[in-house]
Student: 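To start, I am sharing the structure in question, which I have written as structure tokens.
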Amino acid sequence: MPELPEVETVTRTLAPLLCGRRIEQVDIGAYTRCIAAPDPASFAARIAGRMVTNLARRGKFIVIGLDSGDRVTVHLRMTGELAVTAPDAPIPQHTHLVMELSEGDQLRYTDVRKFGRWSLLSPDEYEAFSASLGAEPLDPLFTPEQFRDMLWSRKRILKPLLLDQTFITGIGNIYADEALFRARIHPGRRSHELSEAESVALYHTIRNVLTGALAHRGTTLRNYRDGNGQPGENLAQLRIYSRNAGDPCDECGNPVARLVIGQRGTMLCPVCQALPQNPEVARAPDSSRSG
DNA sequence: TGACACCTGCGT
DNA sequence: ACGCAGGTGTCA
């Protein structure tokens, strides 16, 4: 379900509800595989009694900082949800973890498909974890030149490359298709075959698509809710992912198409995002820059 | 790079 | 009944 804009929105909505509060107790339900590390008993014991000092996001992970120096990471995968509610509110179906907070409220984690994962990491473990992830696309220090070099140093198909969290973090199926559509680049192109101009265009459409979605508090297709239980409003902003195959492209009017690339459904406009007729010139080598 | 696994639910 | 889903991990 959530990609960078959704995870960032959840993080922002949870922050004022959690920061400065103590986690009195951690209740893990019958589905203990949602705890990736350490073992569930240690996870609960090391968190109980700690205070939340800060919330952050790294890629698609929510990072809960504790006064012990440990960090709790949460990945919502497809259908995970976090919400802070009063303890007497009805417990929803598929609730797998509850943190009882000081002053009575509860942080509740529900996940229909049970793909989401929690971890508790020491400072050293967190550094290693973060270092294993790719570039943050909205980092002010992330430049078009850096992105171009990243693309040209690989020879990967673009769609799976954008979804590779060790390459760049936070992009998922929705925003990969949206960014490629707006940059008019076919998702099956190879990363090292993009021109300089195409790499710069993709850099900007990635950032614009993500910041735009964040401004609309994320895209709710079905399950996604923020930390207050509110859906996002970005669905109406989507220009390709939300279309059906055969619908007219809102740019050129030709029918849009659905492909499967890297085992993922992929929406595109075959006309706007045509494959280059002559791959020899697509790379735009330095010697031709005079033209 | 692909096939399949992990899960449940929804639309056709 | 079947295909599909906002994600990722593992195996060949």
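Every chain is numbered from 1 and lettered A, B, ... according to where its sequence line falls, protein lines coming before strand lines.
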Student: With clusters defined by side-chain heavy atoms of hydrophobic residues (ILVMFWY) lying less than 4.5 Å apart, directly or transitively, does L162(A) cluster with I240(A)?
Tutor: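 Cluster IDs for I240(A) and L162(A) differ.
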Student: How many whole angstroms separate atom CG of L161(A) from atom P of dT8(C)?
Tutor: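 Interatomic distance, CG of L161(A) to P of dT8(C): 14 Å.
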Student: With DNA chain B as reference, determine whether R117(A) or G262(A) sits nearer its 5' end, using the nearest nucleotide of each.
Tutor: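 Nearest-nucleotide comparison on DNA chain B picks G262(A).
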Student: So what's dC7(B) paired with, Watson-Crick or G-U wobble, going by both distances under 3.5 Å?
Tutor: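 Its partner: none found.
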Student: Under 4.0 Å between a side-chain N or O of K60(A) and OP1 or OP2 of dG6(C)?
Tutor: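 No, K60(A) has no side-chain N/O under 4.0 Å of OP1/OP2 on dG6(C).
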Student: Which of these passes side-chain contact (heavy atoms from CB on, under 4.5 Å) with M267(A): D177(A), L238(A), L180(A), L259(A)?
Tutor: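 Between M267(A) and the candidates, side-chain contact (heavy atoms from CB on, under 4.5 Å) is satisfied uniquely by D177(A).
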Student: For the side chain of R258(A), starting at C-beta, report the closest nucleotide among dC7(B), dC4(C), dG6(C).
Tutor: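 The answer is dC4(C).
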Student: Heavy atoms only, 4.0 Å cut-off, all strands: where does N223(A) land among base, sugar-phosphate and nothing?
Tutor: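 N223(A): base contact, heavy atoms under 4.0 Å.
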Student: Can you tell which of dT8(C), dT8(B), dC6(B) lies closest to the side chain of V112(A)?
Tutor: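 Out of dT8(C), dT8(B), dC6(B), the nucleotide with an atom closest to V112(A)'s side chain is dT8(B).
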Student: So do V72(A) and W118(A) actually touch side chain to side chain, heavy atoms under 4.5 Å?
Tutor: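 Yes, close enough: below the 4.5 Å cut-off.
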Student: Strictly below 4.0 Å, N to O, side chains only: are R50(A) and D70(A) in salt-bridge contact?
Tutor: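 No, this pair does not count.
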Student: OP1 or OP2 of dG6(C) sitting under 4.0 Å from any side-chain N/O of Y241(A)?
Tutor: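 Yes, within the criterion.
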Student: Within less than 4.0 Å of OP1 or OP2 of dC7(B), is there a side-chain N or O belonging to R33(A)?
Tutor: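 Yes.
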Student: Can you measure from CE (M99(A)) to CZ (R108(A)) and round to the nearest 0.5 angstrom?
Tutor: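 With rounding to 0.5 Å, CE (M99(A)) is 14.0 Å from CZ (R108(A)).
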Student: Could you tell me whether D139(A) atom CG has more than 12 heavy atoms of other residues or ligands within 6.0 Å of it?
Tutor: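 Result for CG/D139(A): enclosed.
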Student: For dT1(B) and Q263(A) - does any side-chain N or O of the residue sit under 4.0 Å from the phosphate oxygens OP1/OP2?
Tutor: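 Answer no for this pair, as no side-chain N or O of Q263(A) is under 4.0 Å from OP1 or OP2.
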Student: How long is the line joining CE of M78(A) and C1' of dC10(B), in whole Å?
Tutor: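 Those two atoms, CE and C1', are 13 Å apart.
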Student: Touch check for Y31(A), heavy atoms < 4.0 angstrom, all strands: base, sugar-phosphate only, or nothing?
Tutor: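 Sugar-phosphate contact only - Y31(A) comes under 4.0 Å of backbone atoms but never of a base.
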Student: Is H94(A) close enough to dC7(B) that one of its side-chain N or O atoms is under 4.0 Å from OP1 or OP2 there?
Tutor: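 So the side-chain polar atoms of H94(A) never come under 4.0 Å of the phosphate oxygens OP1 or OP2 of dC7(B).
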Student: Describe the nucleic acid contact of L221(A) in one word from base, sugar-phosphate, nothing, applying a heavy-atom distance below 4.0 Å.
Tutor: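 Base, at least one base atom sits under 4.0 Å.
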Student: Within the 4.0 Å heavy-atom criterion, would you say I157(A) contacts the bases, only the backbone, or no part of the nucleic acid?
Tutor: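 I157(A): backbone/sugar contact only, no base atoms under 4.0 Å.
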Student: In whole angstrom, what separates F167(A)'s CZ from dG7(C)'s C1'?
Tutor: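 The distance from CZ of F167(A) to C1' of dG7(C) comes to 19 Å, rounded to the nearest Å.
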Student: Taking OP1 and OP2 of dC4(C), is either one under 4.0 Å from a side-chain nitrogen or oxygen of R264(A)?
Tutor: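 Checking R264(A) against dC4(C): no side-chain N or O falls below 4.0 Å of OP1 or OP2.
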Student: Would you say dT8(C) has OP1 or OP2 under 4.0 Å from some side-chain N or O of H75(A)?
Tutor: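 So the side-chain polar atoms of H75(A) do come within 4.0 Å of the phosphate oxygens OP1 or OP2 of dT8(C), strictly under.
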Student: Considering only the P atoms, how many Å lie between dT10(C) and dC7(B), rounded to the nearest integer?
Tutor: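 Each nucleotide's P atom is 14 Å from the other's.
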Student: Would you kindly give the CD1-to-P distance between I62(A) and dG7(C), to the nearest whole Å?
Tutor: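 Distance check: I62(A) CD1 to dG7(C) P gives 14 Å.
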Student: Rounded to whole Å, please give me the gap between CD in E81(A) and C1' in dT8(B).
Tutor: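 So the CD-C1' distance, E81(A) to dT8(B), works out to 13 Å.
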Student: Assess whether one donor atom and one acceptor atom, taken from the side chain of R113(A) and the base of dA5(C), lie less than 3.5 Å apart.
Tutor: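 Yes.
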Student: With C1' as the reference atom in both, quote the distance from dT1(B) to dG6(C) in angstrom, rounded to an integer.
Tutor: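 Comparing C1' positions in dT1(B) and dG6(C) gives a spacing of 23 Å.
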Student: Regarding R190(A), tell me which of base, sugar-phosphate or nothing describes its non-hydrogen contacts under 4.0 Å with the strands shown.
Tutor: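 The answer is sugar-phosphate, as R190(A) gets under 4.0 Å only of primed atoms, P, OP1 or OP2.
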Student: Using atom NZ of K159(A) as one end and atom P of dT1(B) as the other, report the distance to the nearest whole Å.
Tutor: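 After rounding, the gap between these two atoms is 14 Å.
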Student: Would you call F115(A) stacked on dC6(B), i.e. ring centres under 5.5 Å apart with the planes less than 30° off parallel?
Tutor: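 Here the ring of F115(A) and the base of dC6(B) are stacked, with centres under 5.5 Å and planes under 30°.
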Student: Rounded off to whole Å, could you give me the CZ-to-C1' distance for the R154(A) and dT1(B) pair?
Tutor: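 Those two atoms, CZ and C1', are 15 Å apart.
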Student: Out of curiosity, I28(A) CD1 to Q25(A) CD, how far, rounded to the nearest 0.5 Å?
Tutor: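 So the gap between those two atoms works out to 10.5 Å.
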Student: Out of dG7(C), dT8(B), dT1(B), which has the shortest distance to the side chain of R156(A)?
Tutor: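 Nucleotide nearest to R156(A)'s side chain: dT1(B).
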Student: What contact category does T79(A) fall into here, base, sugar-phosphate, or nothing, at under 4.0 angstrom with non-hydrogen atoms?
Tutor: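 Since no nucleic acid heavy atom lies under 4.0 Å of T79(A), the category is nothing.
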Student: Take R222(A) and P160(A), find for each the nucleotide of DNA chain B with the closest heavy atom, and name the residue whose nucleotide sits nearer the 5' end.
Tutor: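 So the residue in question is P160(A).
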Student: Take atom CG of L4(A) and atom P of dT8(C), then tell me their distance rounded to the nearest Å.
Tutor: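 Roughly 11 Å, once rounded to whole Å.
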